[in-house]
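Here is the structure we will look at.
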Amino acid sequence: MASSLIARTFLAHRLAPSSLPLARKAPILTSLFTKRTHCTSRGLRFAAQQFRRTFQPMASAVFQTRADYSTQSVSTSEPVVSVDWLHANLKEPDLKVLDASWYMPDEQRNPIQEYQVAHIPGALFFDVDGIADQTTNLPHMLPSEQAFAAAVSSLGIENKNSLVVYDGKGLFSAARVWWMFRVFGHERVWVLDGGLPRWRASGYDVESSASSDAILKASAASEAIEKVYQGQAVGPITFETKFQPHLVWTLDQVKGNIDEKSHQHIDARSKARFDGSVPEPRKGIRSGHVPGSKCIPFAQLLDSSQTLLPPDELKKRFDGAGISLDSPVITSCGTGVTACILALVSSVFLHVTFRPSFRRHKSPNLNSGSLFDRM
């Protein structure tokens, strides 16, 4: 019963996305840079200054696009939309598109530079590292409600907006930003299945240069975060948050679940990292996993083009890891990015509340060395 429901839901959300007034659903059709530097608020301010001095828009690449769509709607329970759906609805007045690209340090890629080179027309840049808790040295921890509201408002986002989030890998960091908006009470948010690579492969337009307004907004968002944590006034606030505490687990909850086993714990990292046979990519973190957790590497949920697998293949991944489709789950990873891919899939296929948790500290209290902190 559960598997048939999964299949029905998954096929529906893959072939027919959102609850905006849309255009006819189309089936889903089947990338380079300088050495990576961290996308800091200083870097964004520098980019904004450069645009203030001299901004010469570059012609966007133009491709022949599809037409002839009819009206359609999508549920907020469906977490992904296709590139065809987004193309058909890109000019909807209340729809905003976010480029949430973020890369691992060893990838040597710079998301803001890539955004300026090519992005979906009209997309805003969401800085995963910048829109984060400024009181910790842990990477991109969830910011406070006030800080998130200030940053998102600076981007020009309002509660009435429907959001589509994508990234430069296909399906990676976009899921993290989808989860962040859900945590702060915004349900009208979807991830673009296949991201920018699939958008370009489908022959849709990209803008080859960011507008000065987009760069200024990204800079303003980072400045707003800093002001909130420094106790300074910000405004105006156009986005009101409603924190959903059930979507985030604390360290104590995760530790308690080791014995209570109320939730299945799924780890999104590679099997080698899960087993502790290779070192963690960040210094100071012991190898291994939380006792009782199981491993479904996020990459196993995606095909070679970084889009979600068909429903029957996804079910095989869960079955193979010993995950019941009828029981609740929590998800974890290294710094809270790829755990959200598991949460994205779980929100549809398991029909339970998703609770990404985040591996943070080494500790003698757990034999795996995997502890969690509330984001």
Side-chain angles (χ1 to χ4, degrees), residues 2 6 9-10 77 79-80 100 102 104 128 138-142 165 167 171-184 189 191 244-258 260-271 273-275 280 285 288-302 308-309 314-361 366 368-375:
I6 286 169
T9 305
F10 191 44
S77 67
V80 300
W102 176 89
M104 293 291 288
V128 172
L138 298 172
H140 39 254
M141 293 281 278
L142 194 69
V165 192
D167 60 59
L171 206 166
F172 187 64
S173 53
R176 163 69 185 197
V177 175
W178 165 84
W179 174 78
M180 291 175 72
F181 275 97
R182 300 277 296 193
V183 167
F184 289 115
V189 56
V191 169
Q244 307 294 305
H246 61 287
L247 301 186
V248 188
W249 265 28
T250 65
L251 166 62
D252 288 340
Q253 285 175 297
V254 175
K255 290 170 67 176
N257 190 63
I258 295 172
E260 296 168 5
K261 297 180 174 57
S262 63
H263 289 66
Q264 301 168 103
H265 185 160
I266 316 174
D267 192 320
R269 296 172 302 146
S270 69
K271 190 65 164 59
R273 289 174 64 188
F274 180 83
D275 291 338
E280 284 296 300
I285 304 295
H289 58 270
V290 172
S293 60
K294 297 179 180 179
C295 182
I296 301 181
F298 77 92
Q300 293 186 5
L301 304 179
L302 308 174
L308 286 172
L309 291 172
L314 286 165
K315 184 180 183 301
K316 289 179 183 178
R317 301 300 189 272
F318 284 97
D319 289 345
I323 300 299
S324 169
L325 299 176
D326 299 313
S327 301
V329 303
I330 61 169
T331 67
S332 66
C333 61
T335 64
V337 174
T338 59
C340 296
I341 298 175
L342 293 185
L344 183 82
V345 174
S346 299
S347 70
V348 170
F349 310 118
L350 300 183
H351 298 277
V352 297
T353 299
F354 52 94
R355 294 182 170 96
S357 296
F358 306 89
R359 215 170 157 272
R360 291 307 184 195
H361 306 291
L366 296 180
S368 68
S370 302
L371 290 184
F372 296 75
D373 208 347
R374 177 182 174 189
M375 287 195 59

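Worth knowing before you read on, the calculation uses all heavy atoms, side chains too, and leaves out hydrogens, waters and symmetry mates.
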Measure the [atom1]-[atom2] distance between [X] and [Y] for me, rounded to the nearest 0.5 Å.
X      : Y      : atom1 : atom2 : value
Asp267 : Ser293 : CG    : OG    : 5.5 Å
Trp249 : His263 : CH2   : NE2   : 4.5 Å
Ile330 : Leu247 : CD1   : CG    : 13.0 Å
Leu142 : Trp179 : CG    : CH2   : 5.0 Å
Gln300 : Lys271 : CD    : NZ    : 10.0 Å
Leu308 : Leu344 : CG    : CG    : 6.5 Å

Does the side chain of [Y] come within less than 4.5 Å of [X]'s, by heavy atoms?
X      : Y      : result
Phe318 : Val345 : yes
Pro291 : Ile258 : yes
Ser332 : Val290 : no
Trp102 : His140 : yes
Trp178 : Pro79  : yes
Leu302 : Phe172 : no

Does the [X] side chain pair with the main chain of [Y], one donor and one acceptor, at a distance under 3.5 Å?
X      : Y      : value
Ser173 : Ala100 : yes
Asp167 : Ala174 : yes
Arg176 : Gly336 : yes

Could you work out, with side-chain hydrogen bond (donor to acceptor under 3.5 Å, both in side chains) as the rule, every residue matching Lys261, not counting sequence neighbours?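 If we apply the side-chain hydrogen bond (donor to acceptor under 3.5 Å, both in side chains) test to Lys261, skipping adjacent residues, there are no hits.
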